[in-house]
Number of protein chains: 2
Amino acid sequence: MMKVTSKEQGALVVADVLEIIGGKWRGLILAKLCDGPKRFNELKLGLRKVTSSTLTKELRHLEELKMIERAVVQKSPIVVEYRMTTHGETIKQLIYQMIDWGLEHRKKVIEGK
Amino acid sequence: MMKVTSKEQGALVVADVLEIIGGKWRGLILAKLCDGPKRFNELKLGLRKVTSSTLTKELRHLEELKMIERAVVQKSPIVVEYRMTTHGETIKQLIYQMIDWGLEHRKKVIEGK
DNA sequence: CAGGATCCATATGGATACTG
DNA sequence: CAGTATCCATATGGATCCTG
């Protein structure tokens, strides 16, 4: 069911993962990209109120972590597309599980309050 | 495979979940409590360098979210135990999946760099 | 369209000292 | 042992304006 080694390193590894999906925006960006590639402004509009500079910073961070990649689709007017890398794709199941758990939690705790 | 409704609410729900496991300590605390109940100082020592005041704040927050509960086991000298609530238990699988993914990520990206 | 630059607000968490 | 209280540093993200 659960590897012993995983349990022992548990907290440390969780910290790694939180570096990727934690913070106010990174998890949300990844969730959006689970649907498929998105352009800069698509992400910007999809995330309620994030500013350009913040979005850029977060995207760069996810790029450094090899989770997403940036592709210039066309220039002048420039069009950029962000998409998950092959490695990034592997986090999809985790994101989906977060969503499923979150929906249950919402029913039980938030609405049931 | 994935419910459509989940996908659409995706980012919003992810934000809910990140409120619980995000931040610098909350996910780590939950990971520790996956092993079973822990006392205040056990948690404090287990998490590299967290101060009492910070740990207290984070624990209170997780209590408000109905994820953990505090139980006074004995008084004078007081002994307190923190453990997951029934609802909190439901997040275990998510934490474990985070750990599993994190270990893979570590191999592929961090060490493989 | 997609950002860079600059400056700034606030949230998060920390240091230190003290207590029932 | 398990906190509280007070004060404080910094990280995170935001506002605004500008540009190839």
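Just so we're clear, the structure is a prediction, and the values are computed from it rather than from any experiment. Note on naming: letters A, B, ... go to the chains in the order of the sequence lines (proteins, then strands), and numbering restarts at 1 for each one.
Residue pairs meeting the ring pair (Phe, Tyr, Trp, His ring centres under 6.0 Å) criterion with at least one member in residues 42-88 of chain A, sequence neighbours excluded, are H87(A)-W101(B), H87(A)-H105(B). Sorted by first and then second residue, the pairs that involve residues 70-81 of chain A and meet side-chain hydrogen bond (donor to acceptor under 3.5 Å, both in side chains), not counting sequence neighbours, are E81(A)-R83(A).
Where DNA chain C meets chain B (any atom under 4.0 Å from a heavy atom), the bounding nucleotides read 5' to 3' are dG13(C) to dG20(C).
We find that CG of L45(B) is positioned 14 Å from P of dG3(D), with the value rounded to whole Å. Rounded to an integer number of Å, the gap from K44(A) NZ to dG14(D) P is 10 Å.
Here CG of L59(A) is found 10.5 Å from OG1 of T54(A). Values are rounded to the nearest 0.5 Å. Taken to the nearest 0.5 Å, the NZ atom of K32(B) stands 10.0 Å off from the CG atom of L45(B). The CH2 atom of W25(B) lies 13.5 Å from the CG atom of L30(B); values are rounded to the nearest 0.5 Å.
A heavy-atom distance below 4.5 Å is found between the side chains of E58(B) and I29(B). In this structure, the side chains of L43(B) and L33(B) come closer than 4.5 Å at one or more pairs of heavy atoms. Looking at V73(A) and R39(A), their side chains never come closer than 4.5 Å, going by heavy atoms from C-beta outward.
Phosphate contact (OP1/OP2 of dG3(D), side-chain N/O of Y82(B), threshold under 4.0 Å): present.
When the side chains of ILVMFWY residues are joined at heavy-atom separations under 4.5 Å, either directly or via intervening members, I68(B) and V79(B) end up in two distinct hydrophobic clusters. Placement of L55(B) and V72(B) within a single hydrophobic cluster is found when ILVMFWY residues are connected by side-chain heavy-atom separations under 4.5 Å, directly or transitively.
Near DNA chain D, meaning a heavy atom under 4.0 Å away, the residues from residues 67-75 of chain B are R70(B). For DNA chain C, no neighbouring residue in residues 21-29 of chain A is found when judged by any heavy atom under 4.0 Å.
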Chi angles and distances behind the side chain to side chain contact (heavy atoms under 4.5 Å, CB included) call for L103(A), K107(A):
CA-CA 6 Å; L103(A) 288 171; K107(A) 274 195 278 186; 5.7 Å; no
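In terms of heavy-atom proximity, V14(A) sits nearest to A31(B) at CG2-CB, 3.9 Å.
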A correct 5'-to-3' footprint of nucleotides 15-20 of chain D, with B, S and - meaning base, sugar-phosphate only and no protein heavy atom under 4.0 Å, is B----B
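The backbone N or O of E19(B) sits less than 3.5 Å from a side-chain atom of R26(B), completing a donor-acceptor pair.
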